[in-house]
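Data first, discussion second: the structure below is written as structure tokens.
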Amino acid sequence: MDWYTEHVVDTGRAPALFALVGFVVTFVVVRSITRRIRARREAGPPPDPGPAARPRRALLGDVSVGGVHVHHQVWGILLVLLTGMLEFRYSPGHPWSEVLALLFGAGAALALDEFALWLFVDDVYWSEEGQRSIDAILVGGALGGALLLSASPIGVTSDGSQGGWLAYTVTVVVHLALAFVCILKGKLATGLVGIVVPVVAFVGAVRLAKPTSPWARRRYAQRPHRLARAQARFGARYRARWERVRTLVGGRADDDPSRPAA
């Protein structure tokens, strides 16, 4: 406990730790449940046990209110709003700040697990478009981990002197500019994590842009060799690797319209 108090509580990292734990645990539990529901639906109805058998209700299933299917993103959004209001109004100290952070992380996971539904305004949970939710979960988890490991959201602090403030301001401007370059290069996850971890922003900014990004369309049009290198780097092999990660984390996508979505 002394280590936890010294390195987590005293450094202000406890809420970030609890938020990350709530985020990861909730996502794992929710995806396990939805994959179980999907597997049961794909297997089809069980064989008729006969009129004498008593029907049993499935323990896990979709939640409906008044005949309307309520997606779990709804509960996540409500939980994020509630914890945010309580934090802003009361700003509780230890240990209640950790409790709110845990609930906030859980709500964020519930909401981001259906991020694709926000984006496409459609129930695309198990479709190819639904894999955007996995991207959002991975970005959220990486950002939460970066915030936990980094003492300052921008990686540096000022010593209070005039020269220190000038160096601090220049460092922050350059740092945020590099993160913005990452986003222009089509590397949203790298840019967001780079806001917290400067070296990530630097590496993403100096490497090639994705061929479909605004940066590539603007700067690679007159440099066909750079465009060819970008297409080779982010080509079929890159997409296949990323798709394997998505499938491992969230399950396979299925665009067959005859299969019901969970």
Side-chain angles (χ1 to χ4, degrees), residues 19-47 55-85 102-144 183 186-189 191-192 210 212-213 234 236 238-262:
L20 183 60
V21 169
F23 184 88
V24 172
V25 171
T26 301
F27 170 73
V28 171
V29 171
V30 168
R31 274 285 162 165
S32 300
I33 292 174
T34 56
R35 292 173 78 163
R36 180 71 178 271
I37 295 172
R38 183 192 195 194
R40 186 172 66 241
R41 289 182 172 179
E42 289 181 345
R56 293 184 301 173
R57 181 178 177 86
L59 180 61
L60 301 176
D62 295 330
V63 177
S64 298
V65 177
V68 178
H69 175 206
V70 180
H71 292 276
H72 53 265
Q73 66 170 331
V74 175
W75 311 115
I77 293 171
L78 292 176
L79 194 54
V80 166
L81 292 174
L82 177 62
T83 54
M85 286 189 296
L102 184 71
L103 295 176
F104 178 87
L110 290 170
L112 289 181
D113 187 53
E114 293 193 317
F115 172 77
L117 278 69
W118 313 359
L119 192 61
F120 296 100
V121 197
D122 195 7
D123 192 351
V124 293
Y125 193 81
W126 291 117
S127 70
E128 181 65 29
E129 293 85 356
Q131 296 293 72
R132 301 289 182 86
S133 298
I134 304 302
D135 297 344
I137 285 290
L138 292 174
V139 171
L143 190 58
I183 295 173
K187 307 171 184 178
L188 178 61
L192 292 177
K210 291 186 176 181
T212 57
S213 65
F234 298 101
Y238 171 84
R239 292 193 297 271
R241 288 196 302 267
W242 188 241
E243 193 59 36
R244 286 195 293 270
V245 173
R246 286 170 159 181
T247 302
L248 178 65
V249 173
R252 61 177 173 81
D254 187 357
D255 286 319
D256 185 355
S258 65
R259 295 178 186 243

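- Taking CG from L117 and CD from E129, the interatomic distance works out to 11.0 Å, rounded to the nearest 0.5 Å.
- Of all heavy-atom pairs between V80 and G107, the closest is CG2-C, 3.6 Å.
- Of the inter-residue distances, the one linking L188 atom CG with D135 atom CG reads 9.0 Å to the nearest 0.5 angstrom.
- In this structure, H72 and I33 have side chains that are not in contact, with every pair of non-hydrogen atoms separated by 4.5 Å or more.
- Put simply, CG on L78 and CG on L110 are 10.5 Å apart, with the number rounded to the nearest 0.5 Å.
- Between S133 and R31, the shortest heavy-atom distance links the atoms CB-NH2, 4.2 Å.
- One finds the CZ atom of F120 at 8.5 Å from the CZ atom of F115 (value rounded to the nearest 0.5 Å).
- Annotation: cation-pi pair R246/W126 absent, no NZ/CZ under 6.0 Å from the ring centroid and within 45° of its normal.
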- Query: Run the side chain to side chain contact (heavy atoms under 4.5 Å, CB included) check on F104 and L79 step by step: do they pass?
  - Reply: CA-CA 7 Å; F104 178 87; L79 194 54; over 6 Å; no
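- The nearest pair of heavy atoms linking V139 to A189 is CG2-CB, 3.4 Å.
- Between R132 and L119, the closest heavy-atom pair is NH1-CD2, 3.5 Å.
- Taking a 6.0 Å sphere around CZ of F23, one finds it holds more than 12 heavy atoms contributed by other residues, nucleotides or ligands.
- Heavy atoms only, all atoms of each residue included: E243 and E128 are closest at OE1-OE2, 3.8 Å.
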- Message: Could you walk me through whether F27 and L112 satisfy the side chain to side chain contact (heavy atoms under 4.5 Å, CB included) test, starting with their C-alpha distance in whole Å, then the side-chain angles of each, then the deciding distance to 0.1 Å, before giving a yes or no?
- Response: CA-CA 9 Å; F27 170 73; L112 289 181; over 6 Å; no
- Message: Could you go through V245 and L138, starting from their C-alpha distance and side-chain angles, then the distance that decides it, and tell me whether this counts as side chain to side chain contact (heavy atoms under 4.5 Å, CB included)?
- Response: CA-CA 10 Å; V245 173; L138 292 174; 4.1 Å; yes
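- Between the NZ atom of K187 and the CZ atom of F234 there is a distance of 5.0 Å, given to the nearest 0.5 Å.
- When all heavy atoms are compared, the tightest approach of A116 to G130 is CB-CA, 3.6 Å.
- Rounding to the nearest 0.5 Å places CG of L192 at 5.5 Å from CD1 of I183.
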